**Student:** 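This is the structure, below, for whatever I ask next.
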Amino acid sequence: MPTPSHRDDLTPLERAFFARPPQRVARALLGKVLVRQDKNEFLTGRIVETEAYLGKDDPASHSAAGNTARTAVLFGPPGHAYVYFIYGNYYCLNVSCERDGKAGGVLFRALEPLFGSEQMAQKRKVALATTRDLLKLTSGPGRLAQAFGITRARDNGCDLTSDTSGLWIARDNFRAGKVGISARIGITKAVDDPLRFFLSGNPFVSGPKNQPARPKTR
DNA sequence: ATATCGATTATCT
DNA sequence: GATAATCGATATG
């Protein structure tokens, strides 16, 4: 298995990074790196789009339904993976925020592939004929989970601050540029809250274009 | 026990 | 731009 030379730079973020309100974590995660490593694969991607889901008071959040078997990770300690299954087809990856007992999370909406795009394409079952095809790998929450082999059975509850978990979040020398903010995508409650964050102009951000601050005028 | 619906995506027109 | 696909969690009876 090939291993990139920058492997040693991908030290996991500390847990304190996630022990904050989701809005702040979502913003701070832009430009960080998601890493998947196990015996047979090494994949990395730059985080370019996130959404914050607040605690029980956020009607769009899964934690609004309370602490259930499904949402327990959101109420647990920060820095852990909350993976849920959606629309009968896809998984989505979140990281828990706040301190133990208070719900909150950040949804990973899009990555820019850094290493392992061939393996991502295999998992996604798409051909990499042109550079445009790279956009199909990790632009969208369901897509990036598929590209990284993320499932609920495998990854829900795993510690994203430990490189022994096989999935973690790291910092490198990259500096985020201009950050765009908009309403969250695909929800039907609290639709106007500006809780989506993305690197302005980055082509891997999901959506038709980069969503405007106001999704629709009326 | 059954019905509804979703933090999506691919594939049409 | 619109819609089908697909199934687990949740709500309702």
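Sequence lines set the chain letters: A, B, ... in the order given, protein chains first and strands last, and positions in each chain run from 1. Bear in mind that the values here come from a model prediction, so they are computed numbers and not experimental data.
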**Student:** Determine, using the 4.5 Å side-chain heavy-atom cutoff (strictly less than), whether A/Val48 and A/Leu195 are members of one ILVMFWY cluster.
**Tutor:**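 A/Val48 does not cluster with A/Leu195.
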**Student:** Heavy atoms only: give me the nearest A/Ala81-A/Val73 pair and the separation to one decimal.
**Tutor:** O-CG1, 3.4 Å
**Student:** Please determine if A/Arg46 forms a cation-pi arrangement with A/Phe174, meaning its NZ or CZ atom is less than 6.0 Å from the six-membered ring centre and no more than 45° off the ring axis.
**Tutor:**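 Pair A/Arg46/A/Phe174 counts as cation-pi.
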**Student:** Taking atom P in both C/dG1 and B/dA7, compute the distance separating them and give it to the nearest angstrom.
**Tutor:**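 Approximately 22 Å lies between the P atom of C/dG1 and that of B/dA7.
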**Student:** Quick one: is B/dC5 close enough that its OP1 or OP2 comes under 4.0 Å of any side-chain N or O from A/Thr188?
**Tutor:** no
**Student:** Kindly give the heavy-atom pair with the smallest separation between A/Ala60 and A/Ala190, and that separation in Å.
**Tutor:** CB-CB, 4.5 Å
**Student:** Could you write out each protein N or O paired with an N or O of nucleotides 11-13 of chain B at a distance under 3.5 Å?
**Tutor:**
none

**Student:** Got a second to check how far A/Asp155's CG is from A/Ile150's CD1, nearest 0.5 Å?
**Tutor:** 5.5 Å
**Student:** Between A/Asn156 (CG) and C/dG8 (P), how many Å, whole number?
**Tutor:**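 Spelled out: CG on A/Asn156 to P on C/dG8 is 15 Å.
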**Student:** What orientation do A/Phe85 and A/Tyr91 show, parallel under 30°, tilted 30 to 60°, or perpendicular over 60°?
**Tutor:** tilted
**Student:** Which residue pairs pass the salt bridge (charged side-chain N to carboxylate O under 4.0 Å, His left out) test with at least one member in residues 48-69 of chain A, sequence neighbours excluded?
**Tutor:**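 Of all non-adjacent pairs touching residues 48-69 of chain A, those that pass salt bridge (charged side-chain N to carboxylate O under 4.0 Å, His left out) are A/Glu49-A/Arg109, A/Glu49-A/Arg196, A/Glu51-A/Arg109, A/Asp58-A/Arg184.
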**Student:** Closest nucleotide of DNA chain B for A/Val126 versus for A/Ser61: which of these residues is on the 5' side?
**Tutor:**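 Per heavy-atom nearest nucleotide, the more 5' residue is A/Ser61.
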**Student:** Rounded to the nearest 0.5 Å, how far apart are CZ of A/Arg124 and CG of A/Leu144?
**Tutor:**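 The CG atom of A/Leu144 is 9.5 Å from CZ of A/Arg124, to the nearest 0.5 Å.
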**Student:** In chain order, what residues pass the side chain to side chain contact (heavy atoms under 4.5 Å, CB included) check against A/Tyr90, with sequence neighbours excluded?
**Tutor:** A/Ile86
**Student:** Taking OP1 and OP2 of B/dT9, is either one under 4.0 Å from a side-chain nitrogen or oxygen of A/Arg124?
**Tutor:**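 Checking A/Arg124 against B/dT9: no side-chain N or O falls below 4.0 Å of OP1 or OP2.
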**Student:** Shorter than 3.5 Å, N or O on both sides, protein versus nucleotides 9-12 of chain C: list them out with atom names.
**Tutor:**
{"residue": "C/dT10", "atom": "OP1", "partner": "A/Thr68", "partner atom": "OG1", "Å": "3.4"}

**Student:** Please tell me if A/Arg109 has a side-chain N or O lying less than 4.0 Å from either OP1 or OP2 of B/dT8.
**Tutor:**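 Yes, within the criterion.
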**Student:** When the distance from CD1 of A/Ile185 to C1' of B/dT9 is rounded to whole Å, what number comes out?
**Tutor:**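 Taking CD1 of A/Ile185 and C1' of B/dT9, I get 13 Å after rounding.
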**Student:** What integer distance in Å separates A/Leu107:CG from B/dG6:P?
**Tutor:** 16 Å
**Student:** So which protein nitrogen or oxygen atoms get under 3.5 Å of nucleotides 4-7 of chain C's nitrogens or oxygens?
**Tutor:**
{"residue": "C/dT6", "atom": "O2", "partner": "A/Tyr87", "partner atom": "O", "Å": "2.2"}
{"residue": "C/dT6", "atom": "O2", "partner": "A/Asn89", "partner atom": "ND2", "Å": "3.4"}

**Student:** Start at the 5' end of DNA chain B and walk down; is the nucleotide closest to A/Ala60 or to A/Gln146 reached first?
**Tutor:** A/Ala60
**Student:** Are A/Leu43 and A/Leu13 joined in one hydrophobic group, where the rule is that I, L, V, M, F, W and Y side chains link up if heavy atoms are under 4.5 Å apart?
**Tutor:** yes
**Student:** Specify the separation, in whole Å, of atom CD1 of A/Ile187 and atom P of B/dA7.
**Tutor:**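 So the CD1-P distance, A/Ile187 to B/dA7, works out to 8 Å.
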**Student:** With rounding to the nearest 0.5 angstrom, report the CG to OG1 distance, A/Leu29 to A/Thr50.
**Tutor:** 6.5 Å
**Student:** When you measure from the centre of the six-membered ring of A/Phe17, is the NZ or CZ of A/Arg20 under 6.0 Å away and within 45° of the axis?
**Tutor:** yes
**Student:** Of the non-hydrogen atoms in A/Leu128 and A/Ser117, which two are nearest, and what is the gap between them?
**Tutor:** CD1-O, 3.7 Å
**Student:** Just the dot-bracket of DNA chain B, please: which string comes out with Watson-Crick or G-U pairs under 3.5 Å, [ ] for crossing, | for another strand?
**Tutor:** ||||||.|||||.
**Student:** Would a single hydrophobic cluster contain both A/Leu199 and A/Val106, if residues Ile, Leu, Val, Met, Phe, Trp and Tyr are joined by side-chain heavy-atom contacts under 4.5 Å?
**Tutor:**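 Hydrophobic grouping puts A/Val106 with A/Leu199.
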